[in-house]
Amino acid sequence: MAPSSEIPGVTSFAFSRLLTPEPGTDSLSLTHEGHLLVNVVGETMTRTDALLLCSENLEIRPLNRRMQGRAVPEVFRRLASLEGEGYLIISRENERFYPLRLERDLCFFVEPLLWALDASLMWDVGMLPGSRGSSESIGLVRVAGEGMIALRVAGELVAVKISPERPHRVHRDGFVGWVGNVVPSAERNSPFLRCEGEGAVFVALPEGEGPRAELDAVEDIEEVEVERRDGPPPPPPPKVTPVEG
């Protein structure tokens with residue numbers, strides 16, 4: 001009986017499903033299933049949590065944290081430097097990876113959500129204004145220049161436009177970072193971050209929670225103020241300070 005043409009041979013199937021990056025593949029990309037493929041040619045910085053596989057011709061070394069553009073004697077436990085030529089696959093687990101390309105942009109991202117970045121990018125770490133010293137402090141990574149990064153978030157990554165005429169409050173659970181001249185700050189005894197200035201704030205919309213959860217992730221400050229007109233006056237806005245190193 002002749003074999004069915006719909007069933008591939010083992011060898012043809014294997015070579016049609018190769019994960020090995022082709023020449024010219026971006027440093028950061030996704031597999032068909034949404035896992036992160038890190039293609040190392042020279043040097044790349046990445047987390048190795050949830051590692052599925054990697055080629056052995058890569059050297060991994062600890063990476064020191066940087067503050068205000070200078071290295072400090074403290075290991076950056078979330079990122080490591082990979083050198084050589086090879087690749088690795090990192091599992092998305094129950095979240096989503098988003099590779100993005102910076103084109104001379106200046107961005108800030110919540111530290112645990114940044115999973116990889118090109119060595120060509122400048123970066124350092126700091127804290128969100130108003131969150132230092134609290135039990136829910138928010139660490140940030142400032143990234144600038146040209147190159148690729150990868151974020152991993154629980155849900156759909158969207159953006160909210162911020163302008164001087166329309167600031168927003170974003171729930172800290174969905175806050176991912178921002179690009180542009182946005183000034184976010186934590187408010188005492190509030191789960192929301194006040195975001196003003198001009199630019200865009202990245203927000204992760206939770207999945208499986210229904211439309212109410214998406215609406216709760218972001219509040220338009222103008223709408224909030226309208227709701228408060230008949231109640232007691234709102235507290236004064238917090239003083240805006242630069243990102244703390």
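All of these numbers come straight from a predicted model, not from anything done at the bench. Keep in mind that the numbers below use all heavy atoms, side chains included, and drop hydrogens, waters and symmetry copies.
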The reported gap from OG in Ser120 to CE in Met45 (rounded to nearest 0.5 angstrom) is 8.0 Å

When every non-hydrogen atom of Ala144 is compared with those of Leu106, the smallest separation belongs to CB-CD1, 3.8 Å

Heavy-atom nearest pair, Glu95 first then Ala154, reads OE2-CB, 3.8 Å

Would one find more than 12 heavy atoms of other residues, nucleotides or ligands at under 6.0 Å from atom CG of Asn181? no

Closest non-hydrogen contact found for Ala204 with Val153 is CB-CB, 4.0 Å

Note to self: Walk me through whether Arg92 and Glu33 qualify under salt bridge (Lys or Arg N to Asp or Glu O under 4.0 Å).
What the structure shows: CA-CA 9 Å; Arg92 63 178 177 83; Glu33 296 77 17; over 6 Å; no

One should read off an interatomic distance between Met127 CE and Leu140 CG, to the nearest 0.5 angstrom, of 7.5 Å

query: Any chain of hydrophobic side-chain contacts (each under 4.5 Å) joining Leu102 to Leu30?
result: no

Distance col, row Glu198:CD vs Glu165:CD, nearest 0.5 angstrom, shows 7.5 Å

For Pro99 and Leu36, the nearest pair of non-hydrogen atoms, with its separation, is CG-CD1, 4.5 Å

ask   = Are any side-chain N or O atoms of Thr48 and backbone N or O atoms of Leu51, one a donor and one an acceptor, separated by less than 3.5 Å?
value = no

| Is any side-chain heavy atom of Ile138 closer than 4.5 Å to a side-chain heavy atom of Leu193? | yes

- Query: Is it true that Val203 and Leu114 fall in one hydrophobic cluster, defined by side-chain heavy atoms closer than 4.5 Å?
  - Reply: yes

Discussion item. Tell me whether the count of non-hydrogen atoms from other residues, nucleotides or ligands lying under 6.0 Å of CD in Glu22 goes above 12.
Written reply: no

ask   = Do Pro191 and Asp173 come within less than 4.5 Å of each other through their side chains, counting heavy atoms only?
value = no

Answer yes or no: are there more than 12 heavy-atom neighbours, outside Asn94 itself, under 6.0 Å from its atom CG? no

Whether Trp178 and Phe108 hold their rings parallel, tilted or perpendicular, with breakpoints at 30° and 60°:
parallel

Practice item. Show your reasoning for whether side chain to side chain contact (heavy atoms under 4.5 Å, CB included) applies to Lys161 and Arg166. Key: CA-CA 9 Å; Lys161 182 179 180 180; Arg166 173 155 280 187; over 6 Å; no

To the nearest 0.5 Å, atom CD of Glu111 lies from atom CZ of Arg142 at 14.0 Å

All heavy atoms of Phe13 vs all of Ser16, minimum pair found to be O-OG, 2.8 Å

Interatomic distance, CG@Leu19 vs CD1@Ile89, rounded to 0.5 Å, equals 5.0 Å

In this structure, would Leu117 and Leu88 fall into the same cluster of hydrophobic residues linked by side-chain contacts under 4.5 Å? no

Minimal heavy-atom distance between Ala116 and Thr46, with the atoms involved, is CB-OG1, 3.7 Å

So does Arg61 have more than 12 non-hydrogen atoms from other groups sitting under 6.0 Å from CZ? yes

- Task: Kindly say whether Leu157 contributes a backbone atom to a donor-acceptor pair with the side chain of Arg96 at under 3.5 angstrom?
- Result: no

| query | Hey, is the main chain of His35 close enough, under 3.5 Å, to the side chain of Ser91 for a donor-acceptor pair? | reply | no

Report the C-alpha separation of Glu196 and Arg194 in whole Å, then their side-chain angles, then the decisive distance to 0.1 Å, and conclude whether the salt bridge (Lys or Arg N to Asp or Glu O under 4.0 Å) test is met.
CA-CA 7 Å; Glu196 51 190 340; Arg194 181 185 174 93; 3.7 Å; yes

When Leu58, Leu82, Leu53 are each screened for side chain to side chain contact (heavy atoms under 4.5 Å, CB included) with Tyr87, the one that passes is Leu53

Q. Are any of the side-chain heavy atoms of Ile90 and Phe97 separated by less than 4.5 Å?
A. yes

Value for CE (Met148) from CG (Asp26), rounded to nearest 0.5 Å, stands at 4.5 Å

Which of Val38, Val40, Val41, Leu37 passes side chain to side chain contact (heavy atoms under 4.5 Å, CB included) with Pro21? It is Leu37

If we count only N and O atoms by modelled type, under 3.5 Å, do the side chains of Asp118 and Ser27 hold a donor and an acceptor together? yes

- Message: According to a hydrophobic-cluster definition based on side-chain heavy atoms being under 4.5 Å apart (Ile, Leu, Val, Met, Phe, Trp, Tyr only), do Trp115 and Phe202 belong together?
- Response: no

- With a 4.5 Å limit on heavy-atom distance, are the side chains of Arg169 and Glu187 in contact? yes

